[in-house]
Amino acid sequence: MLTINLIREQSSFVIERLKIKNFDAAEIVQNVLDLDRRRRELQAESDSIQAELNTLSREIGAMMKAGRRDEADAARQGVVAMKEKQKQLSETMEVVSDEMQTELVRLPNLPHALVAPGKSADDNVVVRSGGTIPHLYEGALPHWDLIRKYDIIDFDLGVKITGAGFPVYKGKGARLQRALINFFLDEGEKAGYREVEPPIVVNEESGFGTGNLPDKEGQMYHIGIDNLYLIPTAEVPVTNIYRDVILDAAVLPVKNMAYTPCFRREAGSWGAHVRGLNRLHQFDKVEIVQIAHPEKSYESLDEMVSHVESLLVKLELPYRIVRLCGGDLSFTSAMTYDFEVWSVGQQRWLEVSSTSNFETFQANRLRCRFREKGARQTTLCHTLNGSALALPRIVAALLENNQTPDGIKIPSVLAPYAGFGMIS
RNA sequence: GGAGAAAUGGCAGAGUGGUCGAUUGCGGCGGUCUUGAAAACCGUUGUCCGGGCGACUGGACCGGGGGUUCGAAUCCCUCUUUCUCCGCCA
């Protein structure tokens, strides 16, 4: 959520910047400004009547104490009408304030100045690439055939137990999952992230804090009886640790990471390009999250990008890093780098990580602030997060890219974690 | 799931209808003293929303929401959470 101050002071800038996201903000901004003005008028009036009431109440108290009953009773009569008026004003103010909030929440985050204009993923900017793309050998298979051949991931079994998009990992397939999770967590720890294990169901307020509610309501599994949501990413519980928190500037940046399963309904997004492990309803992911000083948050973003990149290098996967253009940027993000690995079996890039700076957009919803030493004022933090990494597409790429006629080779960095060097 | 008790500022813990944003202690910050530190002493120390260039100033907040009252941390209703006992249980 954008701050009301920004809109008050720089409304035309807001409208201009949002054009990069192909978002026409003019009408909403105008509504917000009107409602904000009205809200402040109502508050001024309501507050002054309340101040008067408070004074009168104190006087009545003094009269009672002094035993002047008659005067007190007379004063009491006069207060009733004022009370009614005040009540109406404050109720109206509530309504106006809620309306303003509703409008404000509809505005996406402003893209950073470096974000290029653009309509779709085609306009994203490749900033770096690495690794070598392996050549297909005769008889090479896409991963959905490889997992059958070696009997390591079973989609049919998942359908039986739950439904489509909930695979069962078996034997070395399950072991490989665990190896990747441990490898990612160990690497994260070396990079200074504290591991946390958060709840994987969250309440409404947490969903709102990170911007998943109300915007992406349909993407999450909802447990109606308890009004809780299955997390689509560890970002939600981990970032919400810092909801309603005022941090000491000296502790920034705060770095946390978590492994969790993630649940996504993916309503209406099925098709030929999402076969196999490409898109699942449940998958595993290690997420890194930083709470940063506003002046240092892009340093944090760079550091996170380097960290994610180092994982791909160690896994010996061919990758590229793209900076999303305005049209591809999410509602909440100011800048996002996507990481893609080359899938030799499918002959295309697969997104395996999305690493973003949300600046104050989430922090404003979360009321996550910090204070400089000795300062009285609090300031909104910047929040960032990134996948480091999401498992399924990494597994897909590992299987496809490392297949040989004799089996699938496990990258040397993973072998000690997996306990085997080959799936055959 | 049943019965009971509780929820107050960073923490501990007073306050049961009137000037209480809230006694006090600890912690934090600033200072005096000291070669330095500790101790001691003095001062200061919540958040949010308005108004004002500013000094400053109005309002709200004692778990959340609602009610009674001229006036609520204090009384009533409701929800949530925590603790104790019982039941069930990984």
Side-chain angles (χ1 to χ4, degrees), chain A residues 1-9 32-105 197-209 213 223-229 237 240-252 254 291 360 363-381:
Chain A
M1 182 167 70
L2 298 176
T3 62
I4 183 65
N5 277 338
L6 179 70
I7 294 171
R8 260 184 221 155
E9 287 158 21
V32 168
L33 288 172
D34 291 344
L35 289 163
D36 178 51
R37 194 174 310 113
R38 179 132 171 73
R39 192 195 103 241
R40 285 187 290 169
E41 286 166 7
L42 286 163
Q43 187 184 340
E45 204 178 340
S46 161
D47 280 2
S48 77
I49 295 178
Q50 185 62 54
E52 234 176 298
L53 281 169
N54 289 347
T55 309
L56 287 171
S57 289
R58 253 175 258 130
E59 286 172 3
I60 291 170
M63 289 174 198
M64 301 284 283
K65 213 166 223 173
R68 293 178 291 166
R69 258 247 142 60
D70 296 347
E71 281 180 63
D73 285 341
R76 215 179 292 188
Q77 299 301 317
V79 168
V80 177
M82 269 173 73
K83 255 186 79 175
E84 187 52 37
K85 169 97 172 157
Q86 199 283 330
K87 194 178 173 189
Q88 274 176 20
L89 282 168
S90 63
E91 277 171 5
T92 311
M93 189 191 78
E94 260 330 288
V95 171
V96 171
S97 188
D98 287 350
E99 281 172 14
M100 187 185 84
Q101 184 79 358
T102 306
E103 287 296 292
L104 211 46
V105 160
E197 184 179 312
I200 60 174
V201 290
V202 294
N203 58 29
E204 227 173 347
E205 218 181 333
S206 294
F208 178 82
L213 292 174
I223 303 167
I225 194 167
D226 294 309
N227 196 26
L228 296 172
Y229 295 85
N240 270 281
I241 292 172
Y242 298 93
R243 169 151 50 84
D244 279 314
V245 167
I246 300 174
L247 294 158
D248 189 339
V251 308
L252 299 175
V254 175
I291 311 291
T360 60
N364 190 32
R365 290 179 164 217
L366 292 159
R367 295 171 299 275
C368 172
R369 294 152 290 165
F370 72 95
R371 200 195 324 260
E372 300 284 0
K373 187 177 167 67
R376 275 192 60 198
Q377 267 216 320
T378 60
T379 312
L380 290 172
C381 297

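Chain naming here is simple, since letters A, B, ... match the order of the sequence lines and numbering starts at 1 in each.
- Every residue was checked against the side chain to side chain contact (heavy atoms under 4.5 Å, CB included) condition with Thr102(A), not counting sequence neighbours, and none meets it.
- What separates CD of Glu204(A) from C1' of rU80(B) is a distance of 14 Å, to the nearest Å.
- Residue-level contact check: Ile60(A) touches the bases, meaning some heavy atom is under 4.0 Å from a base atom.
- With rounding to whole Å, Asp73(A) atom CG is found 15 Å from rU69(B) atom P.
- Atom C1' of nucleotide rG50(B) and atom CD of Glu94(A) are separated by 14 Å, given to the nearest angstrom.
- Atom C1' of nucleotide rU19(B) and atom CD of Glu59(A) are separated by 12 Å, given to the nearest angstrom.
- When the C1' atom is used for both rG9(B) and rC61(B), the distance is 11 Å, rounded to whole Å.
- The separation between Glu205(A) atom CD and rU81(B) atom P is 14 Å, rounded to whole Å.
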Counting primed atoms plus P, OP1 and OP2 as sugar-phosphate and everything else as base, spell out the protein contacts along nucleotides 51-63 of chain B at 4.0 Å heavy-atom distance: B, S or - for each nucleotide, 5' to 3'.
S------BSS---
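- Within residues 78-93 of chain A, the residues having any heavy atom under 4.0 Å from RNA chain B are, by residue number, Val79(A), Lys83(A).
- Separation of atoms SG (Cys381(A)) and CG (Leu252(A)) is listed at 5.5 Å; rounding is to 0.5 Å.
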Determine, stepwise, if the pair Gln77(A) / Asp73(A) fulfils side-chain hydrogen bond (donor to acceptor under 3.5 Å, both in side chains).
CA-CA 7 Å; Gln77(A) 299 301 317; Asp73(A) 285 341; over 6 Å; no
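- Residue pairs meeting the side chain to side chain donor-acceptor pair (under 3.5 Å) criterion with at least one partner in residues 91-101 of chain A, sequence neighbours excluded, are absent.
- Using atom C1' as the reference point in both rG15(B) and rG30(B), the two lie 30 Å apart (nearest Å).
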Run the numbers on Asn203(A) and Ser206(A) for side-chain hydrogen bond (donor to acceptor under 3.5 Å, both in side chains), then give the verdict.
CA-CA 6 Å; Asn203(A) 58 29; Ser206(A) 294; 3.1 Å; yes
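- Atom P of nucleotide rC48(B) and atom CD of Gln377(A) are separated by 9 Å, given to the nearest angstrom.
- Atom CG of Leu35(A) is separated from atom P of rC49(B) by 18 Å (rounded to the nearest Å).
- Among the atoms of the strands shown, only primed sugar atoms or phosphate atoms (P, OP1, OP2) are found under 4.0 Å from some heavy atom of Arg39(A).
- For the atom pair CD1 (Ile4(A)) and CZ (Arg39(A)), the distance works out to 7.0 Å, reported to the nearest 0.5 Å.
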For Ser46(A) and Gln86(A), what are the C-alpha separation, side-chain angles and deciding distance, and is it a side-chain contact (heavy atoms from CB on, under 4.5 Å)?
CA-CA 6 Å; Ser46(A) 161; Gln86(A) 199 283 330; 2.9 Å; yes
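- Across all their heavy atoms, Val79(A) and Ile60(A) have their closest contact at CG2-CD1, 4.3 Å.
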Between the protein and nucleotides 44-47 of chain B, are there any N/O to N/O pairs under 3.5 Å, and if so, what are the atom names and distances?
residue, atom, partner, partner atom, Å
rU47(B), OP1, Arg371(A), NH1, 2.3
rU47(B), OP1, Arg371(A), NH2, 3.1
rU47(B), O3', Arg369(A), NH1, 3.0

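- The separation between Asp244(A) atom CG and rG9(B) atom P is 14 Å, rounded to whole Å.
- When the C1' atom is used for both rC42(B) and rG46(B), the distance is 23 Å, rounded to whole Å.
- With values rounded to the nearest 0.5 angstrom, Glu52(A) atom CD is found 10.5 Å from Gln50(A) atom CD.
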What does the 5'-to-3' dot-bracket notation of RNA chain B look like when only Watson-Crick and G-U wobble pairs under 3.5 Å count, and pairs to other strands show as |?
((((((((.[[[..)..(.....]]]((((((.......))))))((((((....)))))).[[[[[..)....]]]]])))))))....
